[in-house]
Amino acid sequence: MEKKNGFIDFLEIIAVSLIVTYLLFNFVLISAVVNGSSMYPTLKADQFGYSFVISRNMKINRFDICVLQSEDKKLVKRVIGLPGETIKYENNVLYINGEVMEDVVGEDVFTSDFEAVLGEDEYYCLGDNREISKDSRFYGAFKKEDIISTHFFVIYPLAEMGYNN
């Protein structure tokens, strides 16, 4: 049996590592930074994390945190409305198709009144800090193709590491 050169072994390990890293960060995970305080208190400004690309091919659920592609930037927001629904906030109460729905961000967050009717491929996404967030009320409803990934795992700062949804 022929003994391999240690340098060749090292190059093989580097090549395999690069391929696995490329596949992982292009087809499984996507990095994102929370810009500003639009997702406060759930996420804070400048938190860095990863979101799961493969989850967008599964069912996108109400209240999932998602990473959206809008124009030339990524946005981190929460899915509120699903395709075909009528979304309404009135007196800080969320209505889905006319029925009261409990909002996961709680009663401490104020949401101004609005109503939106979604098409068959549209999602309504809001920031958790509703008073300052630029979200679907600013950009309009998002198509499924605009949703890059769902769920969010903060890795920086290390003291705040954890899964958020």
Side-chain angles (χ1 to χ4, degrees), residues 10 12-82 85 87 89 91-94 96 100-114 116 122-165:
F10 176 73
E12 286 176 357
I13 291 170
I14 295 297
V16 169
S17 298
L18 289 173
I19 291 168
V20 168
T21 301
Y22 173 80
L23 294 173
L24 181 66
F25 290 105
N26 283 289
F27 298 104
V28 179
L29 299 172
I30 189 162
S31 64
V33 175
V34 178
N35 294 313
S37 57
S38 69
M39 284 300 291
Y40 185 82
T42 307
L43 299 170
K44 298 179 185 117
D46 301 323
Q47 283 183 322
F48 174 79
Y50 286 96
S51 186
F52 303 97
V53 174
I54 56 174
S55 64
R56 96 177 198 140
N57 295 323
M58 297 178 212
K59 186 176 179 186
I60 297 171
N61 297 305
R62 184 178 335 279
F63 303 127
D64 281 351
I65 291 177
C66 64
V67 178
L68 304 156
Q69 185 67 47
S70 179
E71 297 162 5
D72 61 343
K73 61 183 169 180
K74 293 178 197 168
L75 305 171
V76 179
K77 303 294 176 193
R78 186 179 298 280
V79 176
I80 301 297
L82 302 173
E85 293 182 334
I87 309 304
Y89 268 93
N91 298 321
N92 212 36
V93 176
L94 171 61
I96 305 291
V100 173
M101 176 76 68
E102 187 175 336
D103 194 339
V104 296
V105 296
E107 298 174 9
D108 296 338
V109 176
F110 176 75
T111 306
S112 57
D113 294 353
F114 71 88
E122 294 182 324
Y123 294 81
Y124 210 80
C125 302
L126 300 176
D128 287 356
N129 190 352
R130 308 279 165 76
E131 292 183 80
I132 63 130
S133 179
K134 282 191 175 178
D135 44 40
S136 284
R137 295 168 295 176
F138 178 80
Y139 295 104
F142 293 94
K143 302 275 187 194
K144 183 170 184 177
E145 67 192 35
D146 299 327
I147 299 175
I148 300 170
S149 60
T150 61
H151 305 77
F152 195 75
F153 188 84
V154 173
I155 63 167
Y156 181 83
L158 294 175
E160 297 167 4
M161 183 182 285
Y163 174 72
N164 291 279
N165 187 28

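None of the values given here were measured: they were computed from a predicted structure. Positions are given from 1, in the same order as the sequence printed here. Values below: all heavy atoms of this structure, side chains included; hydrogens, waters and symmetry mates excluded.
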- Task: Begin with the C-alpha distance, continue with both residues' side-chain angles, and end with the deciding distance and a verdict on side chain to side chain contact (heavy atoms under 4.5 Å, CB included) for Lys59 and Asn61.
- Result: CA-CA 6 Å; Lys59 186 176 179 186; Asn61 297 305; 3.5 Å; yes
- Note on the structure: Residues passing the ring pair (Phe, Tyr, Trp, His ring centres under 6.0 Å) test with Tyr156, sequence neighbours excluded, are none
- Counterpart residues, ring pair (Phe, Tyr, Trp, His ring centres under 6.0 Å), relative to Tyr124 (two or more places apart): Phe114
Do you know which two heavy atoms are closest between [X] and [Y], and how far apart they sit?
X     : Y      : result
Leu82 : Glu85  : N-OE1, 2.8 Å
Ile87 : Gly81  : CD1-CA, 3.3 Å
Ser51 : Ser149 : OG-OG, 2.7 Å

- Item | Check ion pair Arg78-Asp128 (N to O, under 4.0 angstrom) | yes
Applying side-chain hydrogen bond (donor to acceptor under 3.5 Å, both in side chains), can you list everything that pairs with [X], at least two apart in sequence or on another chain?
X      : value
Arg137 : Asp135
Tyr89  : Asp103, Arg130
Tyr139 : Lys73
Glu160 : Gln47

Measuring from atom [atom1] of [X] to atom [atom2] of [Y], what distance do you get when rounded to the nearest 0.5 angstrom?
X     : Y      : atom1 : atom2 : value
Asp64 : Thr150 : CG    : OG1   : 5.0 Å
Leu75 : Ile147 : CG    : CD1   : 11.5 Å
Lys74 : Leu68  : NZ    : CG    : 11.5 Å

Without placing hydrogens or testing angles, list every side-chain donor-acceptor pair under 3.5 Å for residues 32-40, not counting sequence neighbours.
residue : atom : partner : partner atom : Å
Ser38   : OG   : Lys77   : NZ           : 2.9

[X]: which residues meet the side chain to side chain contact (heavy atoms under 4.5 Å, CB included) condition with it, sequence neighbours left out?
X      : answer
Met101 : Arg62, Phe63, Leu94, Ile96
Leu24  : Val28, Leu29
Phe110 : Asn92, Ser112, Glu131
Asn91  : Asp113

- Message: Under the criterion ring pair (Phe, Tyr, Trp, His ring centres under 6.0 Å), I'd like the reasoning laid out for Phe152 against Tyr50: C-alpha separation, chi angles, the key distance, then a yes or no.
- Response: CA-CA 6 Å; Phe152 195 75; Tyr50 286 96; 8.6 Å; no
- Query: Does Val154 reach the side chain of Leu43, with side-chain heavy atoms less than 4.5 Å apart?
  - Reply: yes
- Message: The test is side chain to side chain contact (heavy atoms under 4.5 Å, CB included); show your working for Asp46 and Phe48 and say whether it passes.
- Response: CA-CA 6 Å; Asp46 301 323; Phe48 174 79; over 6 Å; no
- Stepwise side chain to side chain contact (heavy atoms under 4.5 Å, CB included) test for Phe142 and Ser70: CA-CA 9 Å; Phe142 293 94; Ser70 179; 4.2 Å; yes
Show me the side-chain donor-acceptor pairs of residues 15-23 shorter than 3.5 Å, one per line, residues at least two apart or across chains.
residue : atom : partner : partner atom : Å
Ser17   : OG   : Ile13   : O            : 2.8
Thr21   : OG1  : Ser17   : O            : 2.7

